[in-house]
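Both counts, for ligands and for their atoms, begin at 1 and track the order of listing. In what follows, every heavy atom counts, from backbone to side chain, and hydrogens, waters and symmetry copies are set aside.
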Amino acid sequence: MELVEITEGKTTVLIPVQDDTTQFPPGSAPIFFNRRMELNRDVTILLLSILQPSDYLDAMGATGIRGIRVATECGIPVTISDREPSAINLIRKNTERSGLAIKVIERDANALLSEQSFDAVDLDPFGTPAWVIDAAIRGTRRFLFVTATDTAPLCGAHLKAGIRRYGAEPMNTEYHSEVGLRILLGFVVRETVKYDRGIEPVFCYAREHFTRLHLRILRGAKAADETLSHIGFIHQCKKCPYREEQAGLHTVSITCPLCGEPLHPIGPLWLGSIQRDGITKELKTLADTHEPGSKKDLLKLLDACEEELPTSSFYDYHVLAKRLGCSPPAISVVLERIRAGGYAVSRTHFSGYGIKTDAPLEIVFDAISAQQ
Ligand SMILES: C[S@@+](CC[C@H](N)C(=O)[O-])C[C@H]1O[C@@H](n2cnc3c(N)ncnc32)[C@H](O)[C@@H]1O
Ligand SMILES: [Zn+2]
């Protein structure tokens, strides 16, 4: 296997040479490395610098880049594991080159997390993490980080796969990326509460082809019950953009107040906030001192997340404009019109055309279709 050196953050590692002429170069090499996940890794580095866990497991190491960066940039004791012997050989080579005392374990993640626990656990699998969440909850003391790249099942494009993996029914709506994140989070919550443990989302976001959760695990039945109170459904009309939230695990039947159609339940999913108060400000401050490679995109993401209202869905105002048969004004104009009516309104990191608001749909329609 031909290797090449790359540097990310303050870390240099060897990765297998990839065939850049293929559609997905990371898939062309025997051991996985995706340069486009630099921002994903940068966010985790900054969060770990804030959360300061006593140790960290990179449970799906591949080249080891993630764990080696954590050891180098956060100064936390790190274990890196993977079940593939070829990956373990490369991880060993890379950790030796780093000169740091990183523990390397060749083990299936489910087996390792059933036997040992770590203060912070990071899951970065191919596609879905559904198969490893149960063991990860048992093997995590305080912080659980999860990447999912199976956006089609999570977002409702592959409906049956989504139902099988996450025990929830998504829907391919205009806010499907947010549905995907909330379905994944709802699944992790249901896997967690059975152990009388709860969850606090620290910083969760969706981007390009992935969803990323950074969660704090809480102890006790009370915390579990409080966490469960944020699980419920979004009831979406299939004829019009109307939707409403319903907390609880039993769906009720609701009729659309705008067109009289029965609403369709999406879920169960997480309805609560997806970030801890003040976390985006802390991350932005750290980004200025750490200077991560993805800084420009990262600050854009953090600004969007900081502004974002904690509603469970958003409107795509271009979709609404098309429905109203008008050409969409600038998004700033729509936001200002809604705000002038005394409503809370924001953009969202989930979509450039997305609008979050507590205003009734009629007010949003008026803000889009009003004459200049
Ligand atoms: C997407 S890659 C990880 C990428 C890496 N974390 C990074 O940031 O570059 C997924 C890795 O998970 C490993 N893997 C797959 N199934 C596993 C399992 N059951 N237990 C442990 N590792 C597994 C694969 O061998 C692969 O190296
Ligand atoms: Zn309707």
(message) Less than 4.5 Å apart, side chain to side chain, heavy atoms only: is that true for T357 and S346?
(response) no
(request) Could you list which atoms of ligand 1 come closer than 4.0 Å to a heavy atom of G61? (result) 5 (C)
(request) Considering only NZ, NE, NH1 and NH2 on the basic side and carboxylate oxygens on the acidic side, decide whether K239 and E261 come within less than 4.0 Å. (result) yes
(request) Taking atom types as modelled, find out whether D19 and S28 have a side-chain donor-acceptor pair closer than 3.5 angstrom. (result) no
(request) Could you verify whether a donor N or O on one side chain and an acceptor N or O on the other, from Q246 and H250, lie under 3.5 Å apart? (result) no
(message) Could you tell me, atom by atom, which parts of ligand 1 come under 4.0 Å of a heavy atom of I65?
(response) 7 (C), 9 (O)
(request) Please could you name the atoms of ligand 1 that E84 approaches to less than 4.0 Å, counting only its heavy atoms? (result) 25 (O)
(request) Give the residue and atom name of whichever protein heavy atom lies nearest to atom 3 (C) of ligand 1, and the separation in Å to one decimal. (result) M60 O, 3.1 Å
(request) Among all protein heavy atoms, pick out the one at the shortest distance from atom 23 (C) of ligand 1; state its residue, atom name and that distance to 0.1 Å. (result) R83 CG, 3.8 Å
(request) Ignoring hydrogens and angles, state whether a donor on the side chain of E308 or T348 is under 3.5 Å from an acceptor on the partner side chain. (result) yes
(request) Could you tell me which atoms of ligand 1, counted from 1 in the order shown, lie closer than 4.0 angstrom to a heavy atom of R107? (result) 21 (C)
(message) Show me which atoms of ligand 1 lie under 4.0 Å from any heavy atom of R41.
(response) 7 (C), 8 (O), 9 (O)
(request) Around atom 20 (N) of ligand 1, find the nearest protein heavy atom and jot down its residue, atom name and distance. (result) A109 N, 2.8 Å
(request) For atom 1 (C) of ligand 1, grab the closest protein heavy atom and report residue, atom and distance to one decimal in Å. (result) D124 O, 3.3 Å
(request) Could you find the nearest protein heavy atom to atom 25 (O) of ligand 1 and give me its residue, atom name and distance? (result) D82 OD1, 2.7 Å
(request) Report yes if some heavy atom in the side chain of Q236 is under 4.5 Å from a heavy atom in the side chain of S313; otherwise report no. (result) no
(message) Suppose we measure from atom 19 (N) of ligand 1 to each protein heavy atom; which comes out shortest, and what is that distance?
(response) D108 OD2, 2.9 Å
When the side chains of residues 121-131 are checked against the rest of the protein, which donor-acceptor pairs come out under 3.5 Å, sequence neighbours left out?
residue, atom, partner, partner atom, Å
D122, OD1, R212, NH1, 3.0
D122, OD1, R212, NH2, 3.2
D122, OD2, Y56, OH, 2.8
D122, OD2, R212, NH2, 2.9
D124, OD1, T147, OG1, 3.4
D124, OD2, R66, NH2, 3.3
T128, OG1, A130, N, 2.9
T128, OG1, Y166, OH, 2.7
W131, NE1, T128, O, 2.8

(message) So for T63, does at least one of its heavy atoms come nearer than 4.0 angstrom to any atom of ligand 1?
(response) no
(message) Tell me whether R339 is salt-bridged to E336, with the criterion being a basic N under 4.0 Å from an acidic carboxylate O.
(response) yes
(request) Report, in ascending order of atom number, the atoms of ligand 1 lying under 4.0 Å from any heavy atom of A62. (result) 3 (C), 4 (C), 27 (O)
(request) Mind checking whether M37 contacts ligand 1 via backbone (N, CA, C, O), side chain (CB onward), both or neither, at a 4.0 Å heavy-atom cut-off? (result) neither
(request) Pull out every atom of ligand 1 sitting under 4.0 Å from any heavy atom of F126, numbered as shown with elements. (result) 1 (C), 2 (S), 10 (C), 24 (C), 26 (C)
(message) Going by salt bridge (Lys or Arg N to Asp or Glu O under 4.0 Å), name the residues that satisfy it together with K160, two or more places apart in sequence or in a different chain.
(response) none
(message) Are the side chains of V364 and Y317 in contact, using a 4.5 Å heavy-atom criterion?
(response) no
(request) Could you tell me the angle subtended at the Zn ion (ligand 2) by SG of C237 and SG of C240, rounded to 10°? (result) 110°
